[in-house]
Amino acid sequence: MAFLKTIMTTALALGLTACTLPDIKPFAEATSDLSTTVASINQSLSSSMVAAQIPDAQRQKFDEAMKWRISALKAMERYSTSLISVADAGAMGAKNVGKVADSLGVFMTALSGPQIPATISDVVKNAYGVIANVRSANALSDAFARADPTIQAIATLLIKDNDNFKDIALATTRTRENLIRADHRKSDDLDIAQTVQDSLRELEKSAATDVDRDPSKFPEETATQIQRYTALLDGMKGRLEAIESEKAKIKEDEAAMLRLINIMSVGVDKWASIHGTLAESMKNGAPLNIQGLTTAISMIKDQIKEVKAP
Amino acid sequence: MSYDWKKLDWRAMRKSDFHTWADMLTQLISEAQAALTAQDNAERLRVSDVLGQFIDNSPNLLPGISDLDEQALGISNDLLSANIENAINQLAARSVQLISLTKQIDTVAAQVEKKAASIRLDSINNFILSATDIVSSAKALKTSFENVKFDDTLAKQIEGLITQIGDIKTKVQALKTG
């Protein structure tokens, strides 16, 4: 059993102890959620551009630019998955070696010789597992260190993108409002309604004296005119409400898109900053503080639900 | 006359004549040109919003106003279109850098995946090595027991252990080759 002695001696000499690898999964899930968020922003802005009747050439250029954003986020998802893969490899190494060591333990018990150290099977069980674990830890630490400048640069770009996303959101919703204005100019509905409302307000104001503001005591001619204007407005009510509802929907879309973009900025910032601390966490074995990021991601998810295609 | 759009009472302005509305539009056109020249997105949006208010409040029933509205609408759309164009151009300009960063991240991911595969394979190799050594040691021990006719029960236990480890080894080896 020379190999057992070699392993035990090596393990003890190196002072190898099983280290706890950080739980990468929340980070990977957050990366996946950010990817989904960028896809949602893309979808919302694309729909808003279509609704605003933005020319095809501009929309194609936007789609092309967004293709690279989505591709970058997919690459980051692959990167996160590879981190999980390397962490799992370490755990799997320990598990496999554990199987044979357990069998060895049975053997040791059967011999039950006091001259054979009882801890030897544990050493065997741990040694290869620890080696795999340390290799995983080193691979992770190295990956974090090498990827971090790139991750930070991508985050900076995505945050800059958000200003452009806001500009597109605002410009497309205003263009949609202009489309309503163009339609209303053709029909003159809103303008007639506004004029009638102005006239009605003036009539009521002039008819009401300081002494008596009771409409039932207005001069007969004025009262008739007020009734006519009111009836006219009532007749237009359906169309006016439809226009107002359309305008309100545009405002809702705009607010939801802006909220999503703002929260995306916060999410990307936190995501990048947590990645920056991962290498440090690997070095000192501190648990990964993922809470801030998951809170931001949870807010983002809520926002995605709110954003509906125009 | 210069209009302060923030303080303007649009409802009161509805009673103004055509020339007043034309003056207002002239000022807005000048502001729009300045915003376009300065390539200032926020300013273009602000002027566009004021043009929207102009259209919403101008009395269509006043002769000639329709033409002013049409002009205002066209300018507003031009300003908004310039903002969209500008935003898309800036996104596109950063795409080149983003493509390069994406390749870098892909490279790291590929290296990490390779490392994970190597750790997995080494774990399997180490397992097979351990199992082979244990089986050899157990066989040697069993042989030594047979020579001295030591203990049948223990010999059977060792035999069982050899079989057990051999089975696990075969399964793990199959994982490696499969």
Side-chain angles (χ1 to χ4, degrees), chain A residues 1 3 54 58 61-62 64-66 68-69 71-72 75-76 78-79 82-83 85-86 88-90 92-93 96-97 99-100 103-104 106-107 110-111 124 128 131-132 135-136 139 143 146-147 150-151 153-154 157 160-161 164 167-168 170-172 174-175 177-178 181-182 185 188 191 195 198, chain B residues 11 14 41 45 48-49 52 55-56 59-61 66 69-70 73 76-77 80-81 83-88 90-92 94-95 97-99 101-102 104-106 108-113 115-117 119-120 122-124 126-127 129-131 133-134 137-138 154 157-158 161 164-165 168 172:
Chain A
M1 295 201 199
F3 84 101
I54 302 301
Q58 271 188 326
K61 202 171 173 184
F62 172 77
E64 174 72 10
M66 289 310 291
W68 299 115
R69 269 83 191 154
S71 174
M76 292 204 281
R78 277 198 298 279
Y79 164 69
S82 75
L83 296 178
S85 178
V86 86
D88 284 351
M92 198 188 85
N96 279 346
V97 176
K99 283 181 191 168
V100 75
S103 297
L104 183 64
V106 174
F107 178 53
L111 286 176
V124 173
Y128 283 133
I131 291 166
R135 285 187 65 198
S136 289
R146 279 192 299 131
T150 312
I151 294 285
I154 289 176
L157 281 188
K160 279 184 187 167
D161 281 354
N164 300 128
D167 283 339
I168 294 170
L170 291 169
T172 50
R174 308 301 161 93
T175 306
E177 285 175 346
N178 277 351
R181 288 188 180 107
R185 263 180 9 88
D188 283 343
D191 195 66
T195 306
D198 286 351
Chain B
R11 189 172 287 279
R14 284 179 61 79
N41 282 6
L45 192 70
S48 168
D49 280 348
I55 300 163
D56 291 346
N60 279 17
L61 303 178
S66 184
D69 278 353
E70 199 170 329
L73 193 64
S76 173
N77 282 334
L80 296 170
S81 177
N83 272 13
I84 293 169
E85 183 75 24
N86 187 45
I88 293 172
Q90 286 184 4
L91 285 172
R94 283 194 294 273
S95 291
Q97 199 188 345
L98 196 64
I99 292 165
L101 291 168
T102 303
Q104 287 173 31
I105 255 323
D106 264 337
V108 176
Q111 285 168 348
V112 176
E113 277 160 12
K115 194 84 182 169
I119 293 169
R120 274 196 299 269
D122 284 357
S123 295
I124 290 172
N126 288 336
F127 174 86
L129 184 69
S130 303
D133 279 353
I134 290 169
S137 301
L154 187 57
Q157 281 178 332
I158 294 170
L161 175 73
Q164 201 184 342
I165 294 176
I168 302 172
V172 173

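Protein chains get the first letters and strands the later ones, always in sequence-line order, with residue 1 at the start of each.
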> Quick one: NZ on A:Lys61 to CD1 on B:Ile84, what's the gap to the nearest 0.5 Å?
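With rounding to 0.5 Å, NZ (A:Lys61) is 13.0 Å from CD1 (B:Ile84).
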> To the nearest 0.5 Å, how far apart are CG in A:Leu157 and CG in B:Leu98?
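Going from the CG atom of A:Leu157 to the CG atom of B:Leu98 covers 5.5 Å.
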> Taking A:Arg181 for its side chain and B:Asp69 for its backbone only, find out whether a donor-acceptor pair lies under 3.5 Å.
no
> Let's test your reading of the structure: which of A:Arg69, A:Met76, A:Glu177 forms the most heavy-atom pairs below 4.5 Å with chain B?
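Among the listed options, the one with the most contacts to chain B is A:Arg69.
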> Quick check for you: among B:Val112, B:Leu91, B:Asn83, which has the greatest number of heavy-atom pairs under 4.5 Å with chain A?
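When all of B:Val112, B:Leu91, B:Asn83 are compared, B:Leu91 has the most.
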> Would you mind reporting whether B:Gln104 and A:Arg146 have side-chain heavy atoms less than 4.5 Å apart?
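They are not in side-chain contact.
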> If you count heavy-atom pairs under 4.5 Å between each of A:Asp161, A:Thr175, A:Ile151 and chain B, which one has the most?
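The residue among A:Asp161, A:Thr175, A:Ile151 with the greatest pair count is A:Asp161.
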> How many angstroms lie between atom CD of B:Gln97 and atom CD1 of A:Ile154, to the nearest 0.5 angstrom?
9.5 Å
> I need the minimum non-hydrogen distance between B:Ala116 and A:Ser85, along with the two atoms involved.
CB-OG, 3.5 Å
> Tell me, for B:Leu101 versus chain A, whether the close heavy atoms (under 4.5 Å) come from the side chain, the backbone, both or neither.
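Its backbone and side chain both get close to chain A.
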> Can you tell if the side chain of A:Tyr79 reaches within under 4.5 Å of the side chain of B:Val108, non-hydrogen atoms only?
yes
> For A:Arg78 and B:Glu113, which heavy atoms make the closest approach, and how far apart are they?
O-OE2, 4.1 Å
> What residue in B:Ile105, B:Asn41, B:Leu45 has the most heavy-atom pairs under 4.5 Å with chain A?
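Answer, by heavy-atom pair count under 4.5 Å with chain A: B:Ile105.
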> Which residues pass the salt bridge (charged side-chain N to carboxylate O under 4.0 Å, His left out) test with A:Arg174, not counting sequence neighbours?
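Testing A:Arg174 for salt bridge (charged side-chain N to carboxylate O under 4.0 Å, His left out), a comparison that skips the adjacent residues, returns A:Glu254, B:Asp49.
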> When rounded to the nearest 0.5 angstrom, what distance separates CD1 in A:Ile168 from CG in B:Leu80?
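Reported to 0.5 Å precision, the distance equals 12.5 Å.
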> Nearest 0.5 Å, please: how far is CG in B:Asp106 from OG in A:Ser82?
10.0 Å
> How far does CD1 of B:Ile88 sit from CD of A:Glu64, to the nearest 0.5 angstrom?
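B:Ile88 atom CD1 to A:Glu64 atom CD measures 12.0 Å (nearest 0.5 Å).
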> Could I get the full list of salt bridge (charged side-chain N to carboxylate O under 4.0 Å, His left out) partners for A:Asp167, not counting sequence neighbours?
none
